[in-house]
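Here is the structure we will look at.
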Number of protein chains: 2
Amino acid sequence: MVSDASPAPAKTPVTLREVAALAGVSVATASKALNGQGRMTAETRERIRETAQRLGFRPNSLAQSLLRRRSFTVGLLTNDTYGRFSLPVMSGISDALVDNGVSVFLCNVEDDQRLGQLHVDAMLDKRVDGIIATGKRIDRHLPVDLSNLGVPVIYAFTQPDPGAIAFVSDDAGGARLAVEHFCRLGRRRIAHVTGPASFAVVHARAQAYRDVLTEKGLPVMEPLLGSWSEAWGHQAVKQLFDGKLSKSGGEKPDAVFCGNDQIARGVIDALRERGLDVPDDVGVIGFDNWQIVAEATRPPLTSVDMNLAALGREAGLTLLSLVGGEPAEPGIRKLPCRLVVRQSCGRPPDG
Amino acid sequence: MVSDASPAPAKTPVTLREVAALAGVSVATASKALNGQGRMTAETRERIRETAQRLGFRPNSLAQSLLRRRSFTVGLLTNDTYGRFSLPVMSGISDALVDNGVSVFLCNVEDDQRLGQLHVDAMLDKRVDGIIATGKRIDRHLPVDLSNLGVPVIYAFTQPDPGAIAFVSDDAGGARLAVEHFCRLGRRRIAHVTGPASFAVVHARAQAYRDVLTEKGLPVMEPLLGSWSEAWGHQAVKQLFDGKLSKSGGEKPDAVFCGNDQIARGVIDALRERGLDVPDDVGVIGFDNWQIVAEATRPPLTSVDMNLAALGREAGLTLLSLVGGEPAEPGIRKLPCRLVVRQSCGRPPDG
DNA sequence: CGCGATTGGGAAAAGGTTTTCTCAGAGGAG
DNA sequence: CTCCTCTGAGAAAACCTTTTCCCAATCGCG
């Protein structure tokens with residue numbers, strides 16, 4: 001197909017000087033010809049272009065970067081080895097940047113300060129145009145100091161330094177989406193089973209949960225905090241359906257909004273085990289929309305998606321505009337979640 | 001703590017020239033002083049070192065790379081967006097390289113040929129010292145041609161070009177580990193439930209399964225091929241325990257070796273649902289040791305771990321030695337798996 | 001004291017590209 | 001025919017560091 005377009009698979013890359021020599025011009029002229037700069041006869045320009053093509057010339061980025069003080073490279077810091085959250089973010093960032101000809105240095109800093117410094121130094125030495133920090137929690141710092149680095153920094157799905165630019169998911173909004181969906185479906189007694197109190201998102205979502213129920217005049221059951229595990233989902237069902245629900249009468253929940261998909265999985269399994277039908281008896285909504293989990297529950301799980309890839313994209317594009325010298329308001333931007341409806345909530349009463 | 005070690009957070013990085021000027025020497029001398037080269041009085045060397053330290057001088061990698069023809073950078077190609085397999089591999093690679101001062105370009109090529117070419121070109125332009133290709137299957141090529149690139153290439157957990165150097169997991173060995181473990185525990189009727197026939201590993205593992213059983217004189221049940229899902233695990237249990245097991249008599253299996261952890265999860269759930277105890281009635285072993293799944297099954301799942309991080313490390317180190325000019329035998333290296341014993345198999349009869 | 005050897009340090013080239021200046025020649029106008 | 005203005009293209013500096021070679025000064029020895 002491209003038989004003539006893949007010429008010398010150069011053992012040693014061909015330089016501009018060689019192109020110039022072969023085309024019978026100076027390197028200066030060759031450079032200008034290939035970059036569409038300067039003035040010369042169309043014929044000269046074309047001859048140089050052709051020669052470059054024939055030789056398979058590709059400019060040495062290192063040399064270009066050195067001169068332009070711009071490397072078309074950014075550093076991506078993460079402490080998320082497991083990758084469930086950072087992977088979509090990274091993927092989004094990468095997409096946004098690659099489309100703009102920018103490469104990404106992947107730097108896994110774990111939670112190790114020494115490693116963090118090592119990576120930041122390496123990035124700076126390699127003259128990255130900017131840095132994006134991402135993590136597995138939006139209420140924890142990466143183990144690195146990114147202030148006063150001399151290059152723009154963007155935080156994506158991790159705790160930012162004050163005065164920095166950050167993108168995070170709108171957890172409260174996501175929770176509203178879920179609870180309001182339950183309300184629309186006519187559920188009246190909506191419980192909330194979520195993760196440990198040490199997570200900021202737990203409180204943000206719980207508060208949104210309370211707010212929606214209060215607005216709608218529905219009973220608020222105190223959120224059940226536990227761990228992010230299936231096991232906790234099981235246990236929570238026991239508490240919800242065995243225990244005497246003290247203040248709010250003896251009625252059992254007809255819906256459970258879960259803090260993540262694993263909890264939801266545990267909840268669904270436990271409900272089935274005690275003979276309750278999902279969604280007919282109890283509706284369940286998860287959080288994270290972790291596809292592999294959400295699609296393996298029976299029935300498949302409706303879940304809140306944080307749009308992490310879009311968040312990454314946004315972060316990448318913003319960094320690029322920063323690198324380009326455009327100004328940007330500091331602050332935290334909360335990006336909306338979306339509800340991915342599967343079959344764990346049932347259909348509207350009228351539908 | 002490091003109050004004096006973080007001096008001018010340079011808006012514009014300080015160059016060697018400035019260090020030299022301030023220390024009252026030439027750039028040549030300054031360079032030699034900082035690199036431990038050349039000859040000069042200890043006092044001169046120390047003075048230059050001090051000045052550099054004080055100014056926060058860090059050599060410009062771009063300039064160094066240009067000169068040395070070595071960028072201390074490698075490209076990492078992957079097509080695994082989801083990351084379950086490639087993430088540990090990448091993590092291992094990254095660790096191995098970072099410890100050696102080498103940075104990693106992350107390049108997600110999806111299954112898009114155009115994207116692949118884009119990334120490879122960008123990497124080559126940026127003069128990476130080498131390339132590592134990794135993927136989600138060891139029997140599929142990445143959508144890129146990595147032959148005759150002029151830089152060393154290593155394949156890790158993806159299908160290599162002929163004559164290349166590749167690291168993959170020893171799937172047959174891993175399967176042996178599992179089946180032999182069952183044998184040691186006194187299980188006699190061991191079934192194998194695995195993924196689709198289109199995967200090479202399915203056949204490799206199935207053959208090892210057959211081999212071990214034959215060696216031990218145990219009955220071989222034809223492996224059940226399906227999908228990599230929990231649902232298939234459920235269904236397979238139905239086939240195994242309802243159906244008339246044609247040739248091998250009516251006996252039910254007392255052990256199931258599963259092709260991955262999700263299948264195992266489905267198998268365990270299905271067994272429990274039909275009142276069979278794991279591990280007392282039936283032992284189960286999974287594959288992949290996907291922690292989040294293996295620890296969520298009840299009981300926790302014994303599983304074969306492919307040691308992907310170690311595989312990545314190995315690949316990274318090998319690439320480094322290649323870059324360093326050391327020769328290496330082409331061919332495919334199979335790295336051993338290990339069995340992670342949890343509670344889904346029970347204890348030995350004597351223990 | 002003279003000569004060779006050693007020592008401390010600098011000048012310059014190299015690496016590949018971009019960009020600014022400069023310049024020779026051609027063309028046109030007067 | 002002369003002068004001015006373009007036009008096309010090249011020389012050279014710049015980016016920053018490393019390394020090779022070189023030189024001046026000092027030292028030691030006879």
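These numbers were taken from a predicted model, which means no experiment stands behind them.
- Checking C:dG9, C:dT17, D:dT17 against the side-chain heavy atoms of B:Thr41 singles out C:dG9 as nearest.
- Here the C1' atom of nucleotide C:dG16 and the CD atom of A:Glu18 are 11 Å apart, to the nearest Å.
- Close to D:dG10, at under 4.0 Å from its OP1 or OP2, lies a side-chain N or O of A:Ser26.
- Between the CG atom of B:Leu67 and the P atom of D:dC15 there is a distance of 17 Å, given to the nearest Å.
- Using a 4.0 Å heavy-atom cutoff across all strands shown, B:Ser65 reaches no nucleic acid atom at all.
- Across the interface with DNA chain C, nearest-nucleotide mapping of B:Arg39 and A:Arg17 shows B:Arg39 to be the residue nearer the 5′ end.
- For the pair A:Ile48 CD1 and D:dG8 P, the interatomic distance rounds to 13 Å; values are reported in whole Å.
- Mapping A:Arg69 and B:Gln37 onto DNA chain D via the closest heavy atom, the residue that lands nearer the 5' end is A:Arg69.
- Contact check, A:Gln64 against C:dT18: a side-chain N or O comes under 4.0 Å of OP1 or OP2.
- Proximity of B:Ser31 to the phosphate of D:dT19: no side-chain N or O atom is located under 4.0 Å from OP1 or OP2.
- Taking atom CZ on A:Arg45 and atom P on D:dG10, their separation rounds to 13 Å, with Å as the unit.
- At whole-Å resolution of the value, CG in B:Asp125 and P in C:dG15 are 19 Å apart.
- For A:Tyr155 and A:Phe167, the gap between ring centers reaches or exceeds 6.0 Å.
- When rounded to the nearest whole Å, the span between CZ of A:Phe57 and C1' of C:dG16 equals 8 Å.
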| query | Do B:Asp121 and A:Arg58 pass the salt bridge (charged side-chain N to carboxylate O under 4.0 Å, His left out) test, and can you show the C-alpha distance, the side-chain angles, and the key distance before you say yes or no? | reply | CA-CA 9 Å; B:Asp121 286 348; A:Arg58 315 222 68 212; 3.8 Å; yes
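- Taking the side chain as every heavy atom from C-beta outward, B:Thr134 and B:Asp80 never approach each other to under 4.5 Å.
- Nearest to the side-chain atoms of A:Met40 among the listed nucleotides C:dT18, D:dG8, D:dT17 stands D:dG8.
- Not a single donor-acceptor contact under 3.5 angstrom links the side-chain atoms of B:Lys32 to the base of C:dG8.
- Taking the side chain as every heavy atom from C-beta outward, A:Asn79 and A:Glu110 never approach each other to under 4.5 Å.
- Applying the 4.0 Å criterion to OP1 and OP2 of C:dG15, one finds that A:Asn60 has every side-chain N and O outside that range.
- Counting only heavy atoms from C-beta on, B:Ala63 has its side chain closest to C:dG15 among D:dG8, C:dT19, C:dG15.
- Within the nucleic acid shown, A:Thr15 comes within 4.0 Å of sugar-phosphate atoms alone, with no base atom in reach, counting heavy atoms only.
- Checked by atom type, the side-chain pair B:Ser26/B:Thr29 shows a donor-acceptor distance below 3.5 Å.
- The side chain of B:Thr29 approaches C:dG10 more closely than any other nucleotide in the set C:dT17, C:dG15, C:dG10.
- Taking the centre of each ring, A:Phe157 and A:Phe85 come in below the 6.0 Å mark.
- What separates CG of B:Leu66 from C1' of D:dC15 is a distance of 9 Å, to the nearest Å.
- Rounded to whole Å, atom P of C:dG16 lies 8 Å from atom CZ of B:Arg127.
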